[in-house]
Structure formats: structure tokens, C-alpha cells
Amino acid sequence: MRLKAVLFDLDGTLLDTAPDFIAVTQAMRAARGLPPADEAAVRAVVSDGARAMVATAFAIDPDSDAFEPLRQDFLERYLDHCAVYSRPYAGIEELLASLEQARLHWGVVTNKPVRFAEPLMRALNLHERSAVLICPDHVARSKPDPEPLHLACSQLNIQPGEVLYVGDHVRDIEAGRAAGMRTCAVRYGYIHPEDNPGNWGADVVIDQPLDLRRVLEQALCGC
């Protein structure tokens, strides 16, 4: 079946958002008289969400009484700081331009809540270019459930088999496969040191965004 769309995970796949997450955690630690957190440790758990980043940055048990106030502070600060340092990964702009030139739809399916994802996409001038943005707010079940990907297909009026889904976490690949899509795992995202994208069962694994051009050429020509 001919490829008609490429859907991306957001954090760690389309955008490098770790710098803003790190800046927020460092500001929180500074406000509490604490030394800077280990940036690499925070970056490694970005794909696991706010709970993991707060737990890592403050070496705190998520079940402790002190955890929830920290998480809420993190979310409130991030809402005001979600698009200060975040940028598309090197090569993403060229890749998106290639997709648009080839008249392929591209969009985002993410586990990032819409109150963060939409302003971030708007700030980076991607919202109007993206054919679809699906967040947890739009569905009953988030990735790795395929529901968000099926909703994206419905909104684009295409079949899952006509879509390539690209992500930096095993749940992205699980969701894509469960949805009946072709899948692409990236090595450049927020990968746990002990993890290996080559073991996730993706149809293809790439090292950098522009490697996807070759994959798309093969998919489009049926090679």
C-alpha cells in the first residue's frame, strides 16, 4: 500500500525539548538552595514524563508526600517555559520540507498533553504545517494503545497501512504496530542508556532525521 503520511512522536523525535525541561528542573533546584541536577540523567528520562524527570532531578520517591508539590511546580513552570530552548532536531526542517514537497501528510501523535504540545508547536511555527496533532486529551487511551494513531488516520481520512509512524520509545513502536502502521525507531532521541531501539521490532531504525529520506524513497517506489 502506497505511503500517504508520516506521523511523528513529539519529544525526542520531532523536537529536542530536553533543554527546557532541564532549565525548569535547575530553576526549581536553585529556588530550593540545591546544586544543579545531572543534566544527562534528566535528559535520559524525558520520554517517561514529568513524574520521571522530577523523581530523577530530586532523587525522590514518587510515592512520598513531598513528590506531588514538586510535580505541580514542575508543570506550572514548564507551561511558561515550554518553548524557550526547544528546537527541531538537526535535519527535521529539511525532512519536513521534503515531505511537503512530495505532498505527503505529516503530523504528530504524542503523549504530551495538549496544553503543552499546542503552544510548543505554535511557537516553533509547526502547528499550521502539521496536518494533525493528537494528544492524550483527545482519546481514552494513550500510547502504547493504538487509539491515538487510529484517530489521526480518521482525521486524515487515510488507512493505517498508508502511514509510517516514527518514535524514540518502545511504546511508539508498539502503538504503531498495533495500529497496523509501518514503524521507524530513532536512535537520536531520549533513549535509556541500557535500551536499544534495534530491539523494539520497528520496520526500520535510523540514526538521524535525514536518514528517513532513504526510507521514504523506498516506501514510495515500493522497493
Engineer: Less than 4.5 Å apart, side chain to side chain, heavy atoms only: is that true for His105 and Val6?
Structural biologist: no
Engineer: For Arg43, does the CZ atom sit with more than 12 other heavy atoms under 6.0 Å from it, leaving out its own atoms?
Structural biologist: yes
Engineer: Between Asp172 (side chain) and His169 (backbone), is there a donor-acceptor pair under 3.5 Å?
Structural biologist: yes
Engineer: Between Tyr188 and Asp16, is there a side-chain donor-acceptor contact under 3.5 Å, judged purely by atom types and distance?
Structural biologist: no
Engineer: With a cut-off of under 6.0 Å to the ring centre and 45° to the axis, is Arg29 in cation-pi contact with Phe58?
Structural biologist: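 Here Arg29 passes the 6.0 Å and 45° test against Phe58.
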Engineer: Heavy atoms only: give me the nearest Val205-Gly198 pair and the separation to one decimal.
Structural biologist: CG2-CA, 4.1 Å
Engineer: Under 4.5 Å side-chain heavy-atom separation, chaining through any Ile, Leu, Val, Met, Phe, Trp or Tyr, what else clusters with Tyr85? Say none if it is isolated.
Structural biologist: Val84
Engineer: Which word best sums up how the rings of Phe21 and Phe74 line up, parallel for under 30°, tilted for 30 to 60°, or perpendicular for over 60°?
Structural biologist: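 The rings of Phe21 and Phe74 lie parallel, inter-plane angle below 30°.
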Engineer: Look at the rings of Phe116 and Tyr78 and say which category their plane angle falls in: under 30° parallel, 30 to 60° tilted, over 60° perpendicular.
Structural biologist: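 The rings of Phe116 and Tyr78 sit tilted, inter-plane angle from 30° to 60°.
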Engineer: With sequence neighbours left out, write down each residue that passes side-chain hydrogen bond (donor to acceptor under 3.5 Å, both in side chains) with Ser142, or none if nothing qualifies.
Structural biologist: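 With sequence neighbours excluded, Ser142 shows a side-chain hydrogen bond (donor to acceptor under 3.5 Å, both in side chains) to no residue whatsoever.
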Engineer: Start with the C-alpha gap between Asp195 and Trp200, add the side-chain angles, then the distance that decides, and say whether side-chain hydrogen bond (donor to acceptor under 3.5 Å, both in side chains) holds.
Structural biologist: CA-CA 9 Å; Asp195 207 353; Trp200 297 348; 3.1 Å; yes
Engineer: Treating Ile, Leu, Val, Met, Phe, Trp and Tyr as nodes and any side-chain heavy-atom pair under 4.5 angstrom as an edge, say whether Trp106 and Leu216 lie in one connected cluster.
Structural biologist: yes
Engineer: Among pairs that include at least one residue of residues 50-63, which meet side chain to side chain donor-acceptor pair (under 3.5 Å), considering only residues two or more places apart or in two chains?
Structural biologist: none
